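All values reported here derive from a predicted model rather than from experimental measurement.
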Amino acid sequence: MASDLRRTIQMTVARFISPHAEILSIKDHDIAHGVSAVALRRHEIELRNNHHHSKINLISKKATWRERRVMYRLQDQFANVPFSYTYNLESSHREYLCMQDIDYETDYSNLDMELLQNKERFALAHIHSVNFNKAHELSWLPRVSTKYIESVLHEKWRPSWDNAQNDADFKHQFGHYISEINKSVEHIVEDMERVLRDEGSHTLIHNDLHPGNTLVYKNQDVFFIDWEEAHYGSLYLDAALRFREITQAENYRDVLNEEGLNLSEEKFKLHYTIASRYLGFRYMSWFLNTWKEDERWRDELKKYLNMALL
């Protein structure tokens, strides 16, 4: 094990478990690669603390400066993110981030969805509300701009879409979407400009809040992970991805308004719908390349195609 990783694990244990805990052993397992191809490792750690033995799991990754700093801020705000420690908060290079392993004790076959959806609304609303209108404090975060929206469409969506349109299997399965998608994309940047100009929705956003980045803790709470794509921008880019039904979105608006954001029903519905269309384009990109591999991916592609036509 690299010395800087071991040191980061030791400091994480000292800060969040016990300053007196002695690490007896560490077993490492590679568990996943994210979209950015950054390796995640699970560490099964045996501890001795005042003659008592215990075991914990931690996760490590080489995280960007942005993610390390966002995690540090959110911990200070008591947000629903894993506890984490990094030895170097200032380096612009990727450095080790050691985190709480959130869901290894969760039974995903036995979830109370109503409870968890309610917990998720309040957890995300806390993050959005405490960072609302904090442009100066968060000046170090990149902004979601028209240029950013255009880059997502041209660099992520357009190549995959052009390939799909020329694929016989795609045309057979999804050909009836092609002309409507091509019409919808003509206006999406202009429509998104309306959302981006709405400063009454600007806050710290996760900006990649797909289901894989939302974990359940011991069947009782919801935590948000993987903040590499965090930006300062419109909360609709989180809300439209997490709350797919308009009734769920309206419930989220109610929670935000209780926190003082004062979002009108008419504007919320309009901007939520526009953001949903944009996210349909953004997230169909991966599935355009993988839908043949698994029936689940085909269903996901269909979901995002429909979102892009809202």
Side-chain angles (χ1 to χ4, degrees), residues 31-40 108-109 111 113 117 120 144 146-196 205-215 225-226 228-229 234 236-249 269-310:
I31 56 174
H33 286 78
V35 174
S36 56
V38 177
L40 300 176
Y108 279 97
S109 67
L111 298 179
M113 297 307 300
Q117 287 170 359
E120 182 177 4
V144 178
T146 301
K147 185 177 180 180
Y148 171 81
I149 299 296
E150 290 174 336
S151 71
V152 169
L153 293 172
H154 292 312
E155 296 171 17
K156 294 184 178 180
W157 175 76
R158 176 57 70 180
S160 298
W161 179 246
D162 287 346
N163 287 336
Q165 290 184 94
N166 294 317
D167 181 85
D169 292 334
F170 179 82
K171 287 190 284 188
H172 176 71
Q173 288 282 337
F174 300 105
H176 55 290
Y177 283 98
I178 292 176
S179 63
E180 292 303 312
I181 290 291
N182 285 329
K183 289 178 185 177
S184 181
V185 77
E186 292 178 1
H187 307 287
I188 192 59
V189 174
E190 180 182 352
D191 289 345
M192 278 298 297
E193 286 179 350
R194 301 178 65 177
V195 178
L196 302 183
I205 60 171
H206 185 285
N207 198 40
D208 193 22
L209 212 50
H210 60 75
N213 287 333
T214 307
L215 301 183
I225 64 167
D226 195 358
E228 284 209 9
E229 291 293 320
S234 174
Y236 294 103
L237 294 175
D238 285 347
L241 197 58
R242 286 311 305 151
F243 308 114
R244 288 303 317 129
E245 302 294 332
I246 188 61
T247 53
Q248 295 174 334
K269 186 174 182 179
L270 174 62
H271 289 182
Y272 165 86
T273 302
I274 294 172
S276 293
R277 288 210 308 274
Y278 159 71
L279 292 167
F281 288 108
R282 174 178 170 180
Y283 283 94
M284 78 169 70
S285 302
W286 189 83
F287 297 102
L288 285 167
N289 299 315
T290 61
W291 68 272
K292 298 180 187 180
E293 300 173 8
D294 192 303
E295 186 174 351
R296 293 173 300 170
W297 302 155
R298 184 188 66 190
D299 292 341
E300 287 294 297
L301 174 56
K302 185 176 180 180
K303 177 180 76 174
Y304 290 119
L305 287 166
N306 287 328
M307 282 177 64
L309 296 179
L310 287 174

To the nearest 0.5 Å, how far apart are [atom1] in [X] and [atom2] in [Y]?
| X | Y | atom1 | atom2 | result |
| --- | --- | --- | --- | --- |
| Lys269 | Tyr236 | NZ | OH | 13.0 Å |
| Asp238 | Asn213 | CG | CG | 10.5 Å |
| Ser285 | Leu153 | OG | CG | 8.0 Å |
| Gln117 | Glu120 | CD | CD | 7.5 Å |
| Leu279 | Ile188 | CG | CD1 | 8.5 Å |

Close side-chain approach of [X] to [Y], heavy-atom, < 4.5 Å:
| X | Y | result |
| --- | --- | --- |
| Asp299 | Trp291 | no |
| Phe281 | Ser184 | yes |
| Asn163 | Leu288 | no |
| Thr146 | Met192 | no |

Does [X] use its side chain to pair, donor to acceptor, with the backbone of [Y] at less than 3.5 Å?
| X | Y | result |
| --- | --- | --- |
| Tyr272 | Phe243 | yes |
| Ser151 | Tyr148 | yes |
| His206 | Asp226 | yes |

Tell me the closest heavy-atom pair linking [X] and [Y], and the distance in Å.
| X | Y | answer |
| --- | --- | --- |
| Gly212 | Ile225 | O-CD1, 3.8 Å |
| Tyr283 | Asn207 | OH-O, 3.8 Å |
| Leu196 | Val144 | CD2-CG1, 3.7 Å |
| Tyr278 | Ile149 | CZ-CD1, 3.6 Å |
| Leu209 | Arg242 | O-CD, 2.9 Å |

Can you sort out the partners of Lys156 under salt bridge (Lys or Arg N to Asp or Glu O under 4.0 Å), two or more places apart, ordered by chain and number?
-> none
Arg244 meets the salt bridge (Lys or Arg N to Asp or Glu O under 4.0 Å) criterion, sequence neighbours left out, with none
What salt bridge (Lys or Arg N to Asp or Glu O under 4.0 Å) pairs are there with at least one residue in residues 272-289, not counting sequence neighbours?
-> Asp191-Arg277, Asp208-Arg282
Output every pair passing salt bridge (Lys or Arg N to Asp or Glu O under 4.0 Å) with a member in residues 160-181, not counting sequence neighbours, ordered by first then second residue.
->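 Of all non-adjacent pairs touching residues 160-181, those that pass salt bridge (Lys or Arg N to Asp or Glu O under 4.0 Å) are Arg158-Asp162, Asp167-Lys292, Asp169-Lys292, Glu180-Lys183.
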Counting only heavy atoms not in His176, do more than 12 sit closer than 6.0 Å to its NE2 atom?
->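 Count over threshold, so yes.
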Given Arg298 and Glu295, is the salt bridge (charged side-chain N to carboxylate O under 4.0 Å, His left out) satisfied, shown in steps?
-> CA-CA 5 Å; Arg298 184 188 66 190; Glu295 186 174 351; 3.3 Å; yes
Quick one: do Val185 and Trp157 satisfy side chain to side chain contact (heavy atoms under 4.5 Å, CB included)? Show the steps, please.
-> CA-CA 10 Å; Val185 77; Trp157 175 76; 3.6 Å; yes
May I ask you to check whether Trp161 and Phe170 place their ring centers less than 6.0 Å from one another?
->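 Trp161 vs Phe170: aromatic centres under 6.0 Å.
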Just distance, no hydrogens or angles: give the donor-acceptor pairs under 3.5 Å from side chains in residues 302-310, sequence neighbours left out.
unit_1	atom_1	unit_2	atom_2	d
Lys303	NZ	Glu300	OE1	3.1
Asn306	OD1	Tyr177	OH	2.9
Asn306	ND2	Lys302	O	3.2

Listed by chain and number, what are the side chain to side chain donor-acceptor pair (under 3.5 Å) partners of His271, not counting sequence neighbours?
->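 So His271 forms a side chain to side chain donor-acceptor pair (under 3.5 Å) with Asp198.
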